[in-house]
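Remarks on the structure that follows.
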Amino acid sequence: MNEEKRILIIEDDQEISKLLHVILTKMGMTPVSAYSGTEGLLQLKSNPFDLILLDLMLPGMSGEEFITQVREESAIPIIVISAKIGVEDKVQVLKMGADDYITKPFHQKEVEARVEVQLRKSIGQPSQKDEKVWRGLTIFPEKLSVTLENKSLQVTNAEFDILSLFINHPEHAFSKREIYEKIWKGTYVGDDNTISVHISNLRRKMAEVTPEEYIRTIWGVGFMLV
């Protein structure tokens with residue numbers, strides 16, 4: 001599925017870094033390792049990458065600080081891989097702009113699946129090249145970009161996927177389970193906060209452009225584009 005996909009691994013534990021390196025290499029990708037947030041930023045500024053796998057507990061610059069700095073300039077997909085298992089830790093990094101979160105210890109198949117999900121849009125989807133419009137919202141699948149009332153909306157990979165799902169089915173209410181399984185292609189965990197955090201981020205970004213409501217909560221069901 002990938003031609004020369006370059007993945008930046010930022011992990012200070014050399015054994016885990018090597019394991020991720022082996023997993024990605026077997027997937028036919030080109031992994032590059034960095035062992036601190038600062039080294040990761042230098043790599044990112046010097047070379048093109050398609051995805052970042054990021055630990056949070058790093059020497060010097062933390063993973064959270066790294067996300068904040070990267071999101072000021074780039075929408076590159078970021079998957080956090082961390083031993084922090086608290087809900088608040090996960091919610092925090094998703095709000096900062098991470099696209100997904102894997103807890104340690106992880107299973108090889110889980111890493112493979114989540115990496116594939118984050119990379120799939122770069123392969124190209126010929127049947128979905130045309131722009132999609134709903135009221136003042138426009139999605140450009142080929143460019144992976146979004147505008148709201150003719151103003152550029154900076155969204156992450158996951159946020160783009162959610163908007164794409166909604167705009168292809170406007171005024172259709174999706175449950176969290178449906179959104180998760182359609183976008184992440186995995187089994188939904190009932191207490192997962194991923195969807196709610198991404199929806200909250202989208203609403204905040206949209207509210208900075210317009211007071212008009214676009215994403216409505218349908219109590220007892222889920223969310224829909226209105």
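Source: prediction; values computed, not measured.
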Identify the heavy atoms of [X] and [Y] that sit nearest to each other, and give their distance.
| X | Y | value |
| --- | --- | --- |
| P170 | N168 | CD-C, 3.5 Å |
| L58 | D55 | CD1-O, 3.5 Å |
| H21 | I9 | N-CD1, 3.7 Å |
| V111 | I23 | CG1-CG2, 4.2 Å |
| K176 | I195 | O-CG1, 4.0 Å |
| E178 | F174 | OE1-CA, 3.3 Å |

Q92 side chain vs D89 backbone, donor-acceptor pair below 3.5 Å:
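Pair absent, no side-chain N/O of Q92 close to backbone of D89.
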
For the residue pair [X] and [Y], establish whether any side-chain heavy-atom pair is separated by less than 4.5 Å.
| X | Y | result |
| --- | --- | --- |
| L53 | E11 | no |
| T147 | F140 | yes |
| I199 | I215 | yes |
| T138 | K132 | no |
| V133 | E131 | yes |
| L163 | L137 | yes |
| K18 | D13 | no |
| V155 | N201 | no |

Q43 vs F49, side-chain contact (heavy atoms from CB on, under 4.5 Å): CA-CA, chis, key distance, verdict:
CA-CA 9 Å; Q43 284 281 3; F49 289 96; 4.0 Å; yes

Report the C-alpha distance between L20 and V22 in whole Å, list the side-chain angles of each, state the deciding distance to 0.1 Å, and finish with yes or no for side-chain contact (heavy atoms from CB on, under 4.5 Å).
CA-CA 5 Å; L20 291 171; V22 169; over 6 Å; no

Identify whether [X] and [Y] are in the same connected component of the hydrophobic contact network (ILVMFWY, side-chain heavy atoms under 4.5 Å).
| X | Y | result |
| --- | --- | --- |
| F166 | Y180 | yes |
| Y214 | I179 | yes |
| I52 | M61 | yes |
| M206 | V146 | yes |
| I102 | L19 | yes |

Can L54 and Y101 be said to form a side-chain contact (heavy atoms from CB on, under 4.5 Å), step by step?
CA-CA 9 Å; L54 175 70; Y101 195 109; over 6 Å; no

[X] side, atom [atom1]; [Y] side, atom [atom2] - distance, nearest 0.5 Å:
| X | Y | atom1 | atom2 | value |
| --- | --- | --- | --- | --- |
| K182 | S164 | NZ | OG | 13.5 Å |
| R114 | D100 | CZ | CG | 4.5 Å |
| I167 | F160 | CD1 | CZ | 9.5 Å |
| M27 | L24 | CE | CG | 6.5 Å |

Could you tell me whether N47 atom CG has more than 12 heavy atoms of other residues or ligands within 6.0 Å of it?
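Yes - once you tally the heavy atoms of other residues, nucleotides and ligands closer than 6.0 Å, there are more than 12.
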
Any chance NZ of K104 has more than 12 other-residue heavy atoms, nucleotides or ligands included, within less than 6.0 Å?
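Yes, the 6.0 Å shell around NZ holds more than 12 heavy atoms from other groups.
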
Basic-acidic side-chain contact under 4.0 Å: D50, R6
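So D50 does not pair with R6 through a salt bridge.
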
Any carboxylate oxygen within less than 4.0 angstrom of a Lys/Arg side-chain nitrogen, looking at K26 and E112?
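Result for this pair is no, no salt bridge flagged.
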
Taking ILVMFWY side chains as joined if any heavy atoms are under 4.5 angstrom apart, and letting links pass through other members, which residues group with V226?
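ILVMFWY cluster around V226 also holds I218, V221, M224.
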
Cluster partners of W219, using ILVMFWY side-chain heavy atoms under 4.5 angstrom, listed by chain and number?
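Listed partners: none, W219 stands alone.
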
The criterion is ring-ring contact (aromatic ring centres under 6.0 Å, His included); which residues satisfy it with H198, sequence neighbours excluded?
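Once residues adjacent in sequence are excluded, the partners of H198 under the ring-ring contact (aromatic ring centres under 6.0 Å, His included) criterion are W184.
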
Donor-acceptor contacts under 3.5 Å from residues 28-37 side chains, at least two apart:
unit_1 : atom_1 : unit_2 : atom_2 : d
S33    : OG     : S17    : OG     : 3.1
S36    : OG     : E39    : N      : 3.1

Donor-acceptor contacts under 3.5 Å from residues 66-83 side chains, at least two apart:
unit_1 : atom_1 : unit_2 : atom_2 : d
T68    : OG1    : E64    : O      : 3.1
R71    : NE     : G97    : O      : 2.9
R71    : NH1    : S74    : O      : 2.9
R71    : NH1    : I76    : O      : 3.0
R71    : NH2    : I76    : O      : 2.9
R71    : NH2    : G97    : O      : 3.0
R71    : NH2    : D99    : OD2    : 3.1
S74    : OG     : I76    : N      : 3.0
S82    : OG     : K84    : N      : 3.0

Looking at residues at least two apart in the chain, or sitting in another chain, which of them share a salt bridge (charged side-chain N to carboxylate O under 4.0 Å, His left out) with E212?
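For E212 the salt bridge (charged side-chain N to carboxylate O under 4.0 Å, His left out) partners, ignoring immediate neighbours, are R135.
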
